[in-house]
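What you see is a predicted model, and the numbers here were worked out from it, not measured in a lab.
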Amino acid sequence: QVQLVESGGGLVQAGGSLRLSCAASGRTFSTYAMAWFRQAPAKEREFVAGISWSGGTTSYADSVKGRFAISRDNAKNTVYLQMNSLKPEDTAVYYCAADRRSGVSRSETVYDYWGQGTQVTVSS
């Protein structure tokens with residue numbers, strides 16, 4: 001069993017930056033692929049970024065490519081999402097997810113564990 005706890009959300013002006021963190025429990029964190037998803041009001045949850053178990057492979061949604069960066073520190077059981085040049089359309093609840101398989105997937109159905117989410121609000 002893996003528990004995920006997100007932090008770092010908040011209110012920021014357009015053009016600003018935030019860094020989200022996701023702390024994971026469990027000794028097998030380093031073998032899991034990790035991802036960030038988000039869900040805006042009245043919209044379906046969508047893939048934002050993913051990273052393989054080693055950190056060697058990353059994947060991004062087109063809408064965030066070049067602005068967001070996902071990384072992980074397996075020694076700290078933590079995955080990060082650095083968000084720069086934020087836009088009002090980035091406003092959403094951001095969720096961290098873990099997949100027991102090591103490869104990166106954009107499909108939320110393959111992820112086994114989810115955090116409770118952290119709110120990110122970008123004002124114009």
Side-chain angles (χ1 to χ4, degrees):
Q1 187 75 11
V2 173
Q3 291 186 324
L4 304 174
V5 179
E6 302 98 333
S7 61
L11 173 64
V12 63
Q13 289 188 331
S17 298
L18 282 174
R19 188 175 83 154
L20 304 183
S21 299
C22 173
S25 65
R27 291 176 292 179
T28 55
F29 169 82
S30 62
T31 66
Y32 289 13
M34 301 294 296
W36 289 94
F37 287 78
R38 67 186 181 186
Q39 187 167 22
K43 292 189 176 181
E44 294 187 350
R45 189 157 55 185
E46 64 175 359
F47 173 82
V48 175
I51 188 167
S52 62
W53 70 273
S54 67
T57 301
T58 57
S59 179
Y60 296 93
D62 289 344
S63 59
V64 307
K65 200 171 294 183
R67 300 188 298 122
F68 290 11
I70 189 171
S71 61
R72 67 190 297 161
D73 185 338
N74 286 343
K76 295 183 178 179
N77 279 14
T78 303
V79 63
Y80 305 97
L81 185 68
Q82 178 66 44
M83 306 186 295
N84 299 325
S85 302
L86 282 161
K87 304 175 181 180
E89 50 264 45
D90 295 317
T91 295
V93 177
Y94 283 71
Y95 297 91
C96 175
D99 178 7
R100 285 175 290 182
R101 292 159 293 192
S102 58
V104 178
S105 173
R106 296 182 174 223
S107 172
E108 65 175 287
T109 61
V110 308
Y111 288 87
D112 303 291
Y113 304 103
W114 292 83
Q116 81 290 348
T118 186
Q119 177 70 48
V120 171
T121 303
V122 184
S123 63
S124 57

ask   = Taking 4.0 angstrom as the limit, do Lys87 and Asp90 come out as a salt bridge?
value =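 Result for this pair is no, no salt bridge flagged.
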Just by distance, do the side chain of [X] and the backbone of [Y] share a donor-acceptor pair under 3.5 Å?
X      : Y     : result
Asn77  : Ala23 : no
Thr121 : Leu11 : no
Asn74  : Trp53 : yes
Ser63  : Ala61 : no

task = State whether Tyr95 and Arg45 meet the cation-pi test: NZ (Lys) or CZ (Arg) under 6.0 Å from the six-membered ring centroid, and within 45° of the perpendicular axis.
result =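 Relative to the ring axis of Tyr95, which defines the angle, Arg45 lies inside both limits.
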query = Is Arg72 close enough and on-axis enough to Phe29, meaning under 6.0 Å and within 45°, for cation-pi?
reply =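 Pair Arg72/Phe29 counts as cation-pi.
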[X] with [Y], same ILVMFWY side-chain cluster at under 4.5 Å:
X      : Y      : value
Tyr111 : Ile70  : no
Tyr60  : Leu86  : yes
Val2   : Val110 : no
Tyr113 : Ile51  : yes
Val120 : Phe37  : no

In the structure I gave you, are the side-chain heavy atoms of [X] and [Y] within less than 4.5 Å of one another anywhere?
X     : Y      : answer
Gln3  : Val5   : no
Arg38 : Phe47  : no
Val93 : Thr118 : no
Ser21 : Glu6   : no
Arg67 : Met83  : no
Leu4  : Met34  : yes
Arg19 : Leu81  : no
Gln82 : Tyr80  : no

What pair of heavy atoms forms the shortest contact from [X] to [Y], and how long is it?
X     : Y      : answer
Leu20 : Trp36  : CB-CH2, 3.7 Å
Lys65 : Asp62  : NZ-OD1, 3.3 Å
Ala14 : Ser124 : CB-CA, 4.4 Å
Thr57 : Val104 : O-CG2, 3.8 Å
Ser71 : Val79  : O-CG2, 3.0 Å

query = Does a donor on one side chain and an acceptor on the other come within less than 3.5 Å for Ser17 and Asn84?
reply =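 Looking only at side-chain atoms, Asn84 and Ser17 do form a donor-acceptor pair, the distance falling under 3.5 Å.
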ask   = Using a distance-only test with no angle check, is there a side-chain donor-acceptor pair under 3.5 angstrom linking Ser105 and Ser107?
value =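 There is no such pair between these side chains.
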request  = Indicate the ring-plane relationship of Phe68 and Tyr94, choosing parallel, tilted or perpendicular according to the 30° and 60° boundaries.
outcome  =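 The arrangement is tilted - the two ring planes meet at 30° to 60°.
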ask   = When rounded to the nearest 0.5 angstrom, what is the spacing between CD in Gln116 and SG in Cys96?
value =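 Going from the CD atom of Gln116 to the SG atom of Cys96 covers 9.5 Å.
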key: Atom CD of Gln119 with >12 non-hydrogen neighbours under 6.0 angstrom   =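 More than 12 within 6.0 Å, yes.
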